[in-house]
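Structure first, commentary second.
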Protein chains: 2
Amino acid sequence: MSNIVHKDSSQRASVLQHVSQNIRHLRHAAELSQSALAERSGVSRRMLVAIEAGEKNVSLTTLDRIAEALEVAFSDLIKAPDNRDPSRINELAWTGVHPGSKAVLLASSAATREVELWEWRLEPGEVYPCEADADGWSEQLFVFEGCLSLEVEGQKHLLNAGEFFSFASNRRYAYRNDGEVATRFVRNVVI
Amino acid sequence: MSNIVHKDSSQRASVLQHVSQNIRHLRHAAELSQSALAERSGVSRRMLVAIEAGEKNVSLTTLDRIAEALEVAFSDLIKAPDNRDPSRINELAWTGVHPGSKAVLLASSAATREVELWEWRLEPGEVYPCEADADGWSEQLFVFEGCLSLEVEGQKHLLNAGEFFSFASNRRYAYRNDGEVATRFVRNVVI
DNA sequence: AGGGGTTGCGCAGTATACTGCCCACTTTCA
DNA sequence: TGAAAGTGGGCAGTATACTGCGCAACCCCT
């Protein structure tokens, strides 16, 4: 060990705390007992007790076996609990002195990596088919001109100008303009 | 160990692979040698070699000490390597069969936590002043109707319909509609 | 009162993460 | 040509993650 003075361990401890809390929550959500999770994951129940108590330093493979048994993404185990208020969606967040001046929250999503903002324009009759993205990706659309036909795995959604839609993009989907004027929209790609 | 048959270990291995690749990349990005990182993190260089070779099963605290020394978020170490091309901004990513059908990438930003998509509307003369956000927050604006006057710490930017702007919002800024028709825009808030 | 399920924890033993020191190889630079 | 810096890896030793077992405590049944 070097003689470097490290920052206090609160951050490190909090990571472990998140893990233990997350595992316990997810295990309860899956309605599994410690014994059942131990058997499914191959991690000993004794270790699960220690992990949930936050008194052991877990390894990546152990954590991943647990994630696999809980059928959740690895990142779900380590991420901090969401302390945002999810009920703010569609909330009228601000109104100005002039009637009509307003700000509306369309979507709020926990992003772990990347955000891409796209401007799209589809002429009448145009189709843009998409393969499924990897798990975790989602898209948020806001149409500001024309009408967008969105098809997500067989299910159709019609978005008129001013409307908004959000969906997980780990499925086949397609954008289509079935109208008679150009469709323009903003596409937010997030993971 | 139970006699349960587990899924193949490819998934588990890939997590470790991501970690090793990420650490190597981030270490190089920080222009640190293995020795330097070892000293800053308190993790032995011997261990760093093993981790970067993907031949050891890292523990959470070890990983966190590395993250701290690299000054990156813990989640940055475990997430899948970014296979997206960062130089695609303003690239005309897609054109349809009809002339005018197109998709343009307006912005791409690495998000570590949260994304909020807002719809705004400002009547003529309306002003919305904002205090500085915390460090790390940034905003991306796309105006689709009217004209938006954006003022970021004394510097003015005029955005007409169809135009786009991106800025770090850890400074005082204000939205203003100096035009004579309503301004409508999409506001993407990201950290 | 008693049996089955769940959880927390002490303990001994094993596997392995982690360290520290070693040397070999390569690249860079004077 | 040689010194210095960076990297990969062998090896012995230590710390600790992890297992398996056993026991106690607390439910919820009947």
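Note that the structure is a prediction, hence the values are computed from the model and not measured. Order of the sequence lines fixes the chain letters, A, B, ..., with proteins taken first and strands second; residue numbering starts at 1 for each chain.
Remark: the backbone N or O of A:Leu122 is paired with a side-chain donor or acceptor of A:Asn177 at under 3.5 angstrom.
Note on the helix from C:dA1-D:dT30 to C:dA30-D:dT1: terminal axis deviation equals 30°, with five pairs used at each end and the result rounded to 10°.
For the pair B:Asn57 CG and D:dC18 P, the interatomic distance rounds to 7 Å; values are reported in whole Å. Rounded to whole angstrom, the span from the CD atom of A:Glu55 across to the P atom of C:dC11 amounts to 13 Å. Rounded to an integer number of Å, the gap from B:Leu48 CG to C:dA17 P is 15 Å. For the pair B:Arg24 CZ and D:dG6 C1', the computed distance is 11 Å after rounding to whole Å. Following rounding to the nearest Å, A:Ile23 (CD1) and C:dT7 (P) show an atom-to-atom distance of 14 Å. One interatomic measurement links the two molecules: CG of A:Leu37 to P of D:dC18, which rounds to 14 Å at whole-angstrom precision. The distance between atom CG of B:Leu63 and atom P of D:dA17, rounded to the nearest whole Å, is 14 Å. Between B:Met47 atom CE and D:dG8 atom C1' there is a gap of 15 Å when expressed in whole angstrom units.
Here B:Arg46 pairs with B:Ser44, B:Val49, B:Ala50 under the side-chain contact (heavy atoms from CB on, under 4.5 Å) rule; sequence neighbours left out. Residues meeting the side-chain hydrogen bond (donor to acceptor under 3.5 Å, both in side chains) test with B:Asn160, sequence neighbours left out: none. Residues meeting the side-chain contact (heavy atoms from CB on, under 4.5 Å) test with A:Asn188, sequence neighbours left out: A:Val115, A:Leu117, A:Gln140, A:Val190, B:Val115, B:Leu117, B:Asn188.
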Quick one: which protein N/O atoms are closer than 3.5 Å to N/O atoms of nucleotides 21-26 of chain D? Pair and distance per line, please.
none

Pairs: protein N or O with nucleotides 24-30 of chain C N or O, under 3.5 Å:
none

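Between B:Glu126 and B:Arg176, no side-chain nitrogen of the basic residue sits less than 4.0 Å from a carboxylate oxygen of the acidic one, so the salt-bridge criterion is not met.
In this structure, B:Phe144 has its ring center at least 6.0 angstrom away from the ring center of B:Phe185.
Closest-nucleotide positions on DNA chain D for A:Ser44 and B:Leu32 were compared, and the one nearer the 5' end corresponds to B:Leu32.
In this structure, of C:dT19, D:dA17, D:dG6, it is D:dG6 that holds the atom nearest to the side chain of B:Ser33. The listed nucleotides are D:dC18, C:dT19, C:dT7; the one nearest the side chain of B:Val43 is C:dT19.
Residues B:Cys147 and B:Thr183 approach most closely at O-OG1, 2.7 Å, considering heavy atoms. In terms of heavy atoms, A:Ser35 sits closest to A:Arg45 at OG-CD, 3.4 Å.
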* Going through the checks in order, is the salt bridge (charged side-chain N to carboxylate O under 4.0 Å, His left out) test met by B:Arg187 and B:Glu139? -> CA-CA 7 Å; B:Arg187 178 190 183 205; B:Glu139 303 204 357; 2.6 Å; yes
Note to self: Quick one, B:Asn22 with B:Ile78, criterion side-chain contact (heavy atoms from CB on, under 4.5 Å). Give me CA distance, side-chain angles, the key distance, then yes/no.
What the structure shows: CA-CA 7 Å; B:Asn22 288 335; B:Ile78 64 156; 5.8 Å; no
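Taking 4.0 angstrom as the limit, A:Arg65 places none of its side-chain polar atoms (N or O) nearer than this to OP1 or OP2 of D:dC18. Regarding contacts with the backbone of C:dC18, a side-chain N or O of B:Ser59 is found under 4.0 angstrom from either OP1 or OP2. The side chain of B:Thr62 contributes no N or O atom lying less than 4.0 Å from OP1 or OP2 of C:dA17. At the phosphate of C:dG8, OP1 or OP2 sits under 4.0 Å from a side-chain N or O atom of A:Gln34. The shortest distance between the side-chain N/O atoms of B:Arg27 and the OP1/OP2 oxygens of D:dT7 is below 4.0 Å.
There is no side-chain donor-acceptor pair under 3.5 Å between A:Gln21 and A:Glu52.
Using a 30° and 60° split on the angle between ring planes, A:Phe167 and A:Tyr173 fall in the perpendicular class, above 60°.
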